Protein chains: 2
Amino acid sequence: MAGVSVATVSRVINQNGYVTKDTEQKVRKVIELLHYEPNAVARGLAGKQTGTIAFILPDISNPFFPEVARAVEDVAQAHGYTVILCNSDDEGHKERSYIEVLKKKYIDGIIFASNTMGQEDMQKLYHIDDLPVVALDRAPTNQTCSVIRSKNYAGAQMAVNHLLSIGCRKIAHIYGPPQFVTARERLAGYQELVKKFPWYSPDLMVPGNFHLDGGMKAAEQLLRAHPDVDGIFAGNDLMALGALKTMSRLGIRVPEQISICGFDGIALTAVTEPELTTIAQPIYEMGATAARVLIEKIQGNDTNAQEYELEVELVERGTTRKKVT
Amino acid sequence: MAGVSVATVSRVINQNGYVTKDTEQKVRKVIELLHYEPNAVARGLAGKQTGTIAFILPDISNPFFPEVARAVEDVAQAHGYTVILCNSDDEGHKERSYIEVLKKKYIDGIIFASNTMGQEDMQKLYHIDDLPVVALDRAPTNQTCSVIRSKNYAGAQMAVNHLLSIGCRKIAHIYGPPQFVTARERLAGYQELVKKFPWYSPDLMVPGNFHLDGGMKAAEQLLRAHPDVDGIFAGNDLMALGALKTMSRLGIRVPEQISICGFDGIALTAVTEPELTTIAQPIYEMGATAARVLIEKIQGNDTNAQEYELEVELVERGTTRKKVT
DNA sequence: TTGAAAGCGCTAACAA
DNA sequence: TTGTTAGCGCTTTCAA
């Protein structure tokens, strides 16, 4: 110790315990002088907090997630945390193996955007009750896990209402894999609103896979069965873009002949021409909120689970336009 | 120790030092029994290796990077490493602050895809000579840093040759920010090949920003100055997509009136209609190679810097088509 | 071949 | 208010 003391330094650095202004000054000076940097790993060992959180998602290549990841990292960074990225491909065994590794590394908390395991599994199997967890888009089943979601049901209805309002008279829906809550909610929102119409028919709802190709195929199938469809609400933007592609290939004009509305609000919706009308989730905000909530939990405030339901917004663009009749 | 020994366990786990088959068996059994999991943080403290690498990139929201990140994470994961994600926005101070944090955390190595600092800075300022580093897309200036790149110059010429071969007779180039080597190399490749033609003119090269809007504006500007351009080679896919958008807005048919070729091979090139012809880099492969090389360095083999130059490939799609004359 | 013990660098309880 | 010291859980000499 160039100055005088020993682990009073610790007190200075952590700003806890009693220290005289005087000695504090001294210590800080020496710290400065020596370019001293506390060793994070040692602190981790001693304090069981590493200033690291993990973000487990299905696949960072899926265009929805980079923006979320960016938000998570931004907020984490701002609070002095570092984030570990984990691609689970929605496979349970990958999630599990990540969790094991992460726990060994004294991770401080986890943000889950991957859907495989029920919360119960997580708790039971991995004893992460103690570990702060926040989830994106799934129902909370335990007390320690907060959830960030957005208004899928209401959003779906906004989409349908928008299509109705511009004059569509037969609206179909391409829905995502039913194992995702988001897909189910959006489907339900559509169905509820639409079932009262005379043109309603269950096979106006066709399954997709939340990807481009799924949207393309679903749209083809749809048009074969219902050539008179004049509006499509897709369960996410990727499938909507797929549908748009199919239209383009079949020589069907959008929005003149068929209007298309997506869901998510990913950046890609602005690259096509016409640009895609969509129900935009506050994607960045969702990631940022998740990180914020997680960090608050880690730091001890706000222990109980909460559900945050963010607003969605209709972004009207080229793939939908008022019909001139 | 439930079995018999003490830190022989360490030897067993790390498979080093002498241990009898017999005691090894015993130890393993107890490990199994107790569900013992070595504590990674403690190992980190003791051994100065944490099994964690960092991936510093400009922005994970930029569509080029998710696929790289995915590759890095896949390979890391396969080798028992965990990856920390860092968005630098190409700002030096962010890179620096990350490096500081990462060093404190005993990170084992860094993959750099961010371009701000010269290697010299990195070495001089942050003493990361000891730390294994591999860079994506930049010239190596020091001995310890390997570089992964792809054939930008040759790729640019493939693009131009392709446009020539389908009958384009006046080919423009939208180039990226000159501070990026990749942008400079692609520009050089274009220029070298094109300067011998009578139609060549320096203002056929217009600047873009590697983003969609930059491509859109550049294309507008270009067409104003040279309405007779019939081929555009953009420095990356995003700008090419921007150019495509501009064409679509101006009612110019692609590929009939103007052909467009991009560079990178990102997934987005398949969402538009027509789909974008592009010079595809092996994006995933680049990330995977970076991770592989880094891990090899970390593990001691292969200490010296190498340059890996990966092949690119022409992916012919809808935005270019043989002119019928 | 195995055990004892000294760290790795920091935090926190306990004395002083 | 500050110093001592015992861990945190593992690796690694050095002896035995």
Side-chain angles (χ1 to χ4, degrees), chain A residues 1-52 80-82 100-108 127 130-131 298-300, chain B residues 1-52 80-82 100-108 127 130-131 298-300:
Chain A
M1 314 285 153
V4 260
S5 38
V6 199
T8 311
V9 179
S10 176
R11 296 189 247 263
V12 172
I13 289 177
N14 298 292
Q15 316 225 51
N16 64 9
Y18 299 71
V19 188
T20 332
K21 294 265 174 217
D22 227 42
T23 50
E24 179 172 347
Q25 293 304 316
K26 241 179 290 181
V27 176
R28 290 206 183 286
K29 196 159 290 172
V30 180
I31 287 182
E32 197 79 6
L33 219 77
L34 268 52
H35 288 295
Y36 167 79
E37 297 279 359
N39 175 312
V41 180
R43 301 179 96 178
L45 220 212
K48 304 200 174 309
Q49 295 258 320
T50 55
T52 308
Y81 286 80
T82 256
E100 254 161 44
V101 174
L102 295 171
K103 282 182 66 181
K104 287 193 223 172
K105 294 204 175 183
Y106 280 172
I107 227 69
D108 294 343
H127 314 281
D130 40 342
L131 197 61
I298 291 172
Q299 301 184 338
Chain B
M1 315 301 149
V4 258
S5 39
V6 196
T8 311
V9 178
S10 176
R11 297 188 246 262
V12 172
I13 290 177
N14 298 292
Q15 317 225 49
N16 65 9
Y18 299 71
V19 188
T20 331
K21 294 265 174 216
D22 226 41
T23 51
E24 179 173 346
Q25 292 305 318
K26 239 180 288 180
V27 175
R28 290 206 182 285
K29 195 158 291 174
V30 180
I31 286 182
E32 197 78 7
L33 219 77
L34 268 51
H35 288 297
Y36 168 79
E37 297 279 359
N39 176 313
V41 179
R43 301 180 97 177
L45 220 211
K48 301 197 174 317
Q49 294 256 324
T50 55
T52 308
Y81 287 81
T82 254
E100 254 160 44
V101 174
L102 296 172
K103 282 181 65 181
K104 287 193 225 173
K105 294 204 175 184
Y106 280 171
I107 226 73
D108 295 343
H127 315 281
D130 40 342
L131 197 60
I298 290 172
Q299 302 185 336

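The shown structure was predicted, so the numbers you read here are calculated from the model rather than taken from an experiment. Naming convention: chains lettered A, B, ... in sequence-line order (proteins, then strands); numbering from 1 in each chain.
- The distance between atom CZ of A:R11 and atom P of C:dT11, rounded to the nearest whole Å, is 11 Å.
- The distance between atom NZ of A:K21 and atom P of D:dT2, rounded to the nearest whole Å, is 12 Å.
- Applying the side chain to side chain donor-acceptor pair (under 3.5 Å) criterion to A:Q49, with sequence neighbours excluded, gives no partner residue.
- Contact annotation: B:T8 does not reach the phosphate of C:dT2 (side-chain N/O to OP1 or OP2, under 4.0 Å).
- Distance B:I13 CD1 to C:dT2 P: 15 Å, rounded to the nearest Å.
- Note on B:Y36: a side-chain N or O is less than 4.0 Å away from OP1 or OP2 of D:dC10.
- Shown here are the side chain to side chain contact (heavy atoms under 4.5 Å, CB included) partners of A:A42, two or more places apart in sequence or in another chain: A:N39, B:L45.
- Atoms NZ (A:K105) and C1' (D:dG9) sit 16 Å apart, rounded to a whole Å.
- Regarding A:D22, its CG atom lies at a distance of 8 Å from the P atom of D:dT2, rounded to whole Å.
- Note that CZ of B:R43 is 5.0 Å distant from CG of B:N14, once rounded to the nearest 0.5 Å.
- A:Q15 places its CD atom 12 Å from the P atom of C:dT11, with the value rounded to the nearest Å.
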- Message: Evaluate B:E32 against B:R28 for salt bridge (Lys or Arg N to Asp or Glu O under 4.0 Å), listing each step before the verdict.
- Response: CA-CA 6 Å; B:E32 197 78 7; B:R28 290 206 182 285; over 6 Å; no
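- Listed nucleotides C:dT2, D:dT2, D:dC8 differ in distance to A:T23; the shortest reach to its side chain belongs to D:dT2.
- What separates CG of B:N14 from P of D:dT12 is a distance of 7 Å, to the nearest Å.
- Here B:T23 contributes atom OG1 and B:K29 contributes atom NZ; the two are 12.5 Å apart, rounded to the nearest 0.5 Å.
- In this structure, B:T20 reaches the C:dT2 phosphate: one of its side-chain N or O atoms is under 4.0 Å from OP1 or OP2.
- Taking CG of A:D108 as the reference point, atom OG1 of A:T50 lies at 4.0 Å (rounded to 0.5 Å).
- Against DNA chain D, the stretch residues 38-50 of chain B makes heavy-atom approaches under 4.0 Å through B:P38, B:N39, B:A42, B:R43, B:A46.
- When the P atom of D:dT1 is taken as reference, atom NZ of A:K26 falls 14 Å away, rounded to whole Å.
- Note on A:Y18: every side-chain N or O is 4.0 Å or more away from OP1 and OP2 of D:dG3.
- For B:S10, no side-chain nitrogen or oxygen approaches OP1 or OP2 of D:dT12 to under 4.0 Å.
- In this structure, OG1 in B:T20 is found 10.5 Å from CD in B:Q25, a value given to the nearest 0.5 Å.
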